[in-house]
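Comments concern the structure below.
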Amino acid sequence: MNKMGPLQIKDILQTAPENQSVVVKGWVRTKRESKNAIFIALNDGSTINNIQAVAEPGQFSAELLLTVTTGSCLKVTGQLVASQGAGQTVEVKITDIEVYGTADPEQYPLQPKKHSLEFLREIAHLRPRTNTFSAILRIRHALAFAVHQYFNEKGFFYLHTPVITASDAEGAGEMFRVTTLDLNNLPRTEEGAINFKEDFFGREANLTVSGQLEGELGAMALSKIYTFGPTFRAENSNTTRHLAEFWMIEPEMAFFELEDNMDLAEDFVKKVITYALENCKDDLNFLQNRLAEEEKNKPQNERYLPLLEKLAFVVDNPFERLTYTQAIEILLKSKPQKEGKFQFPVTGWGIDLSSEHERYLVEKHFKKPVILTNYPREIKSFYMKLDEDGKTVRAMDVLFPGIGEIIGGSQREEDYEKLLGRVHEVGIDPENVWWYLETRKFGTAPHSGFGLGFERLVQFVTGMGNIRDVIPFPRYPKSAEF
RNA sequence: UCCCGAAUAGCUCAGCCGGUUAGAGCAUCUGACUGUUAAUCAGAGGGUCGCUGGUUCGAGCCCAGCUUCGGGAGCCA
């Protein structure tokens, strides 16, 4: 087999030292000079661990060594030897240094010290070079890989739903417009309205807010499909769990009823978390220690479980399943309700649960992930299958501690007349979704699906508090710099 | 979008009741020391106090507006 590029630090660190010659390419994390040795810690992002390269004083010119600073990029040639010092088993005895790129320490913002997450967000082009963000990005990759692996093994097909759509039928949120019209010289109809017939698609177009409707079309032919792609919401949301551009995973399954849907959602989440636990040990350990440092400053009662324990707990315990109606009963009898601690007191059946209510159920009452089902029809989307009582729909929300709703899904309404009725009820023009309605006209079938916010999953697994820190280049109101 | 808070050195922050020349830790640089582990010790450099306007003899500090950031809420994934 051909060697595909140079060895990576991850592999070199696991190689037995036999004075063999090695080439290491990476970015300098720190340099320490002492009387008998110069130590350079190199990292290439293949692992959170650095490799130590050692040179002798006088071996290289002062001019060269001055350019070896934190952030600079090097090619180091030498021998792989057993380390004489504690802290690492192998190290590289340097014979040659080539500086690929310098990084002026007076200007390079990432110096060997603690930086706040807020500051790193301002230098998103460089933050992948930090331990924290490289760990997050490796875990993010592992989770994405696990998603595809899981669905592939379960017989799902990856369906590529469009990024550009002409319908906002789901009403999932405000949309970003896609246009090639000259905004300074808009074509007008005789009535003075903007003439979208002259636009690229000959009609109004937007970025997708969900691949679900198209996903259902796929499930009505391939039985089990999933989508995994970017999703766009133009909401003016400024929270730690919303992005304007995020990645959503949406499986859609023919012949799945609500219970099958819940079983799949729970198994899926547990399996991908398990994959991360098994394949990202170093990174998770690093993030766990990092979080533990932060927790030190918090009062005892506000501290969470250590990250790895939290993840193991979620994997090992069944999610709590209950109906919306049962949840309301619990909330009505709850301590914060009786003591008037809720900002929005629970007034009774039919209210939309606010995040304080969800948090109470998940974090205080059950202390584990919760699946809430059978919500009132009035507070859920038009495509959800009506229950027999006609009051509730076969919806399910999976709620996680810390981040709230990680999954929203439902059994879909497969009855043409009932679906059409709901379309009219919520004020959607049936003409805009004729193709969606036709699936119910031609060979309709019971089916279900859900949407999982990928970044919320990454947030949960990494323990990061702000969703803007689990995507390489976050998009949110007033921010699209990088 | 709403509520609350913040903006002072490259970074993280302190700055009293409005009063002389605005401080600390880390980082950077210099020196010392050391098979070192984000080394350690000593010294040095580094500031339009977010922007605009106002009050005042005098504003980092008080007031107004704006901008950006953080936390919470709503919308949701």
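A, B, ... follow the sequence lines: proteins, then strands. Residue 1 opens every chain.
- Within the structure, a side-chain polar atom (N or O) of A/S355 is placed less than 4.0 Å from OP1 or OP2 of B/G74.
- OP1 or OP2 of B/G70 lies within a sub-4.0 Å distance of a side-chain N or O belonging to A/R468.
- Taking atom NE2 of residue A/H115 and atom P of nucleotide B/U12, one finds them 9 Å apart after rounding to whole Å.
- For RNA chain B, runs of at least 3 consecutive pairs of the Watson-Crick or G-U wobble type, with both hydrogen-bonding distances under 3.5 angstrom, map to B:1-7 with B:67-73, B:10-13 with B:23-26, B:28-32 with B:40-44, B:50-54 with B:62-66.
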> What string of B, S and - do you get for nucleotides 42-50 of chain B 5' to 3' if you count protein non-hydrogen atoms under 4.0 Å?
Replying inline: ---------
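- In this entry the distance linking CD1 of A/I48 with C1' of B/U37 reads 15 Å, nearest Å.
- If you check the side chains of A/T30 and A/R32, you find a donor sitting under 3.5 Å from an acceptor.
- Under 4.0 angstrom from either OP1 or OP2 of B/A39 there lies at least one side-chain N or O belonging to A/R32.
- Taking every heavy atom of residues 116-127 of chain A and every atom of RNA chain B, pairs under 4.0 Å involve A/S116, A/E118, A/F119, A/R121, by number.
- Side-chain to base pairing of A/N238 with B/U1: one donor and one acceptor N or O lie within less than 3.5 Å of each other.
- Atom CD of A/E481 is separated from atom P of B/C69 by 11 Å (rounded to the nearest Å).
- Checked against A/F454 for a ring pair (Phe, Tyr, Trp, His ring centres under 6.0 Å), the options A/F246, A/W247, A/F460, A/F228 give a single hit: A/F228.
- Taking the nucleotide of RNA chain B with the nearest heavy atom to each of A/K380 and A/E91, the more 5' of the two is matched to A/E91.
- If you check B/C76, B/G71, B/U37 against the side chain of A/T240, the one that comes closest is B/G71.
- Contacts of A/E33 with the nucleic acid, taken as non-hydrogen atoms under 4.0 Å apart, include base atoms.
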